[in-house]
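We name chains A, B, ... by the order of the sequence lines, and we start the count at 1 in each one. Everything numeric here is computed off the predicted structure, so don't read it as measured data.
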Number of protein chains: 2
Amino acid sequence: MTLPPLCEAFVLHFGEMGSRWGINRTVGQIYAVLFIAERPLCADDIVERLGISRSNVSMGIKELQSWNLLRQRSMPGDRREFFHTPEDIYAIVRTLVDERKKREIDPTLSVLRELLMRSPESESERHAQARIREMHELIELLTSWYADVQKLETERLIQLLSLGSKIVKVLDMKDRLFALPGGKRNPAGKEG
Amino acid sequence: MTLPPLCEAFVLHFGEMGSRWGINRTVGQIYAVLFIAERPLCADDIVERLGISRSNVSMGIKELQSWNLLRQRSMPGDRREFFHTPEDIYAIVRTLVDERKKREIDPTLSVLRELLMRSPESESERHAQARIREMHELIELLTSWYADVQKLETERLIQLLSLGSKIVKVLDMKDRLFALPGGKRNPAGKEG
DNA sequence: CTCCATTTTCAGAAAAATATGAAAATTCAG
DNA sequence: CTGAATTTTCATATTTTTCTGAAAATGGAG
C-alpha cells in the first residue's frame, strides 16, 4: 500500500468495517480510497495505492457501481476512466440506505407477505405466522417512516435529527394545544 | 431440516439474509428457529430442526448470546438449557441496534476521532482529514439522534415513527406559533 | 467422589469467498 | 481496417470461513 499514514489507517479501518457489513474488505478499501481522494482516480491509481491486482480492482469497481456508489468521469485525451464518490456525504448515505433497502428489506417483505398469505397447517405454523406478522408489521413501520423521511431535503433532515426525541415534547405541546377545546381529539397521535 | 414448510421457508430466508449482514447463515437460521418456536428449545431441538451438527449449534448459540439476543431457561428436573428469543419484537430490535452500534459505530468513531487529532503532513492528508471530518460529523449526528430516540418507550417510538415526515409540519406550526410575538426566536430549530 | 448427561472446545476437513494472471474483449486514434 | 491502450472475464490458486467429530470440560445426582 502506498498511502500516507493517515490515509492508510482510514482505508484499513474502512475495509475492516466493510467486511462486517457483508461487503468484502477490498471493495471497502477501494471505496475508502476514492472517498478521501483529492481527485478522481483511474483503476491503476487504485492498484498502486492498495497494492492489489488490476483485475481485483476491476471487479471491485463493478461491485461499487452496482451499488450506485461511484461517479465516473473521462478526461479529454485520456482513454482511462476516472472514478470518484459524490461530494455530498448525505447523498452518499441516502444511496447506501436505498440500495440496502432494495436488496435486503424489499425481498424480505415480499417473502414475509407470501408466508402470511398461506394457510397454516398446524399449530406450530399458526404460531410462526403470528411471529412473522409481528416482524412484518415492524418492518413496514420502519420502512414507511424511512420512505417519508427520505423525501425531506437535507436541511430539514438535519433539523429533524438534531431535535432527536425532543420532538416528542413538541408533539405533546401540539396535542395539548389542540386538545383544549374538545377533550382527547387524537389520542393515538396519528394524523390524516 | 425437519420443519413444517412455512417455518422452513422463513428459516431459509432468514439465514440467507443473515449472511448478507455479516452474520453467518447457520447463526441466522438458529435465530430464526428460536424466533418462531412455540416454546424454548434446547440445543438438540435445534440440531434436529436444522440438521446441523451439535457443535455447530453450540457455537451458534454462543454467538447469539454474545449479541445478547437470547434468553435462557432451565426446566426443573431437566439438565438441558432451553433458549428462546424475547417476546417483544421492539426489544429485540433495540438490542440488535445497540449491539451493532457498540461493535461497529463506536470503534469507527474512535478511529475517526483519532485520525482527526493528527496533524496532516501533506496536502492529500489534509484533504483526507476534511472528508473524514464530514463523515465523523454525520455519524455523530445519527448516533446522537439514536441515543435520544432510544430512550423513548415503545409506545412513543411508534407514535413518532408513524408520523414520519409529517413531524416537519408540526415543527413548522410550532415555529410559527412561537415566532408570532417576537420574530425569529429559534431559527436553527434547536431546543434546550 | 463417581457416574452420566450435557455442553464446550478445537484441530482439521469441507466449503465458500476472494484474488490473481493470462487471455479475450473493447475502444478508439489513425 | 489495424494496432495499441485499456478493461473485463474467467479458470484456477489462495485465503478465509464454516462445519464437524472426537475429546475434554462441566455440572449435578447419588
Side-chain angles (χ1 to χ4, degrees), chain A residues 1-2 11-12 14-34 40-67 70-84 103-104, chain B residues 1-2 11-12 14-34 40-67 69-84 103:
Chain A
M1 238 186 244
T2 62
V11 166
L12 289 178
F14 211 90
E16 220 47 62
M17 277 305 134
S19 67
R20 294 206 194 173
W21 272 73
I23 290 160
N24 96 41
R25 188 189 332 289
T26 306
V27 173
Q29 292 182 352
I30 293 175
Y31 190 81
V33 162
L34 291 171
L41 303 181
C42 72
D44 283 313
D45 293 330
I46 300 172
V47 167
E48 191 206 335
R49 277 158 217 234
L50 294 181
I52 60 180
S53 74
R54 184 50 234 274
S55 53
N56 202 355
V57 169
S58 179
M59 290 168 112
I61 288 173
K62 218 178 83 183
E63 171 81 3
L64 289 170
Q65 284 175 325
S66 83
W67 281 82
L70 297 187
R71 299 286 171 274
Q72 206 159 335
R73 173 177 307 175
S74 38
M75 307 291 199
D78 192 329
R79 253 148 80 179
R80 294 170 300 176
E81 281 299 336
F82 291 78
F83 303 92
H84 62 112
R103 289 164 190 240
E104 291 157 18
Chain B
M1 238 184 242
T2 63
V11 166
L12 290 178
F14 211 89
E16 220 47 62
M17 277 304 132
S19 67
R20 294 206 194 172
W21 272 72
I23 291 160
N24 95 42
R25 189 189 331 287
T26 307
V27 173
Q29 291 181 354
I30 293 175
Y31 190 81
V33 162
L34 291 171
L41 304 180
C42 72
D44 283 314
D45 292 331
I46 300 171
V47 167
E48 192 206 334
R49 278 158 217 233
L50 293 181
I52 60 181
S53 75
R54 185 51 234 278
S55 52
N56 202 357
V57 169
S58 180
M59 292 168 110
I61 287 173
K62 218 178 84 183
E63 170 81 3
L64 289 170
Q65 284 175 324
S66 82
W67 282 81
L69 284 170
L70 297 188
R71 299 287 170 275
Q72 206 158 335
R73 172 177 308 175
S74 39
M75 306 294 200
D78 191 328
R79 255 149 75 179
R80 293 169 301 175
E81 283 297 337
F82 291 79
F83 303 92
H84 60 112
R103 290 165 190 238

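Of all heavy-atom pairs spanning A:Phe14 and A:Gly28, the tightest one is CD2-O, 3.4 Å. Taking all atoms of both residues into account, the shortest heavy-atom contact from A:Ser66 to A:Arg103 is O-NH2, 2.7 Å. Considering all non-hydrogen atoms of both residues, A:Phe83 and A:Leu70 come closest at CD2-CD1, 4.2 Å.
The interatomic distance linking B:Arg25 (CZ) with D:dT18 (P) rounds to 9 Å, in whole Å. Here D:dT6 presents its C1' atom at 12 Å from CD1 of A:Ile61, a figure rounded to the nearest Å. Rounded to whole Å, the distance from CE on B:Met59 to P on D:dT17 is 13 Å. Taking atom CZ of A:Phe83 as the reference point, atom C1' of D:dT8 lies 12 Å away to the nearest angstrom. In this entry the distance linking CD of A:Glu63 with P of C:dA19 reads 11 Å, nearest Å. As rounded to whole Å, 15 Å separates atom P of C:dA17 from atom CD1 of A:Ile23. When rounded to the nearest whole Å, the span between CE of B:Met75 and P of D:dG28 equals 17 Å. Put simply, CD on A:Glu81 is 16 Å from P on C:dT26, counting in whole angstrom units.
The neighbour count for A:Arg73 CZ, taken as heavy atoms of other residues, nucleotides or ligands under 6.0 Å away, does not exceed 12.
Comparing D:dC19, D:dT7, C:dT6 by their closest approach to the side chain of B:Thr26 singles out D:dC19. Here the side chain of B:Asn24 is nearest to one of D:dT20, D:dT18, C:dT6, namely D:dT18.
The CZ atom of B:Arg71 lies 10.5 Å from the CD atom of B:Gln65; values are rounded to the nearest 0.5 Å. One finds the CD atom of A:Gln72 at 8.5 Å from the NE2 atom of A:His84 (value rounded to the nearest 0.5 Å).
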Just the table, please: protein N/O against nucleotides 2-4 of chain C N/O, every pair under 3.5 Å.
from	atom 1	to	atom 2	distance (Å)
C:dC4	O2	B:Arg79	NH2	3.4

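Looking at residues 48-58 of chain A, you'll see A:Ile52, A:Ser53, A:Ser55, A:Asn56 sit with a heavy atom under 4.0 Å from some atom of DNA chain C. Contacts with DNA chain C (heavy atom under 4.0 Å) in residues 27-34 of chain A: none are found.
Applying the 4.0 Å criterion to OP1 and OP2 of C:dT7, one finds that B:Lys62 has every side-chain N and O outside that range.
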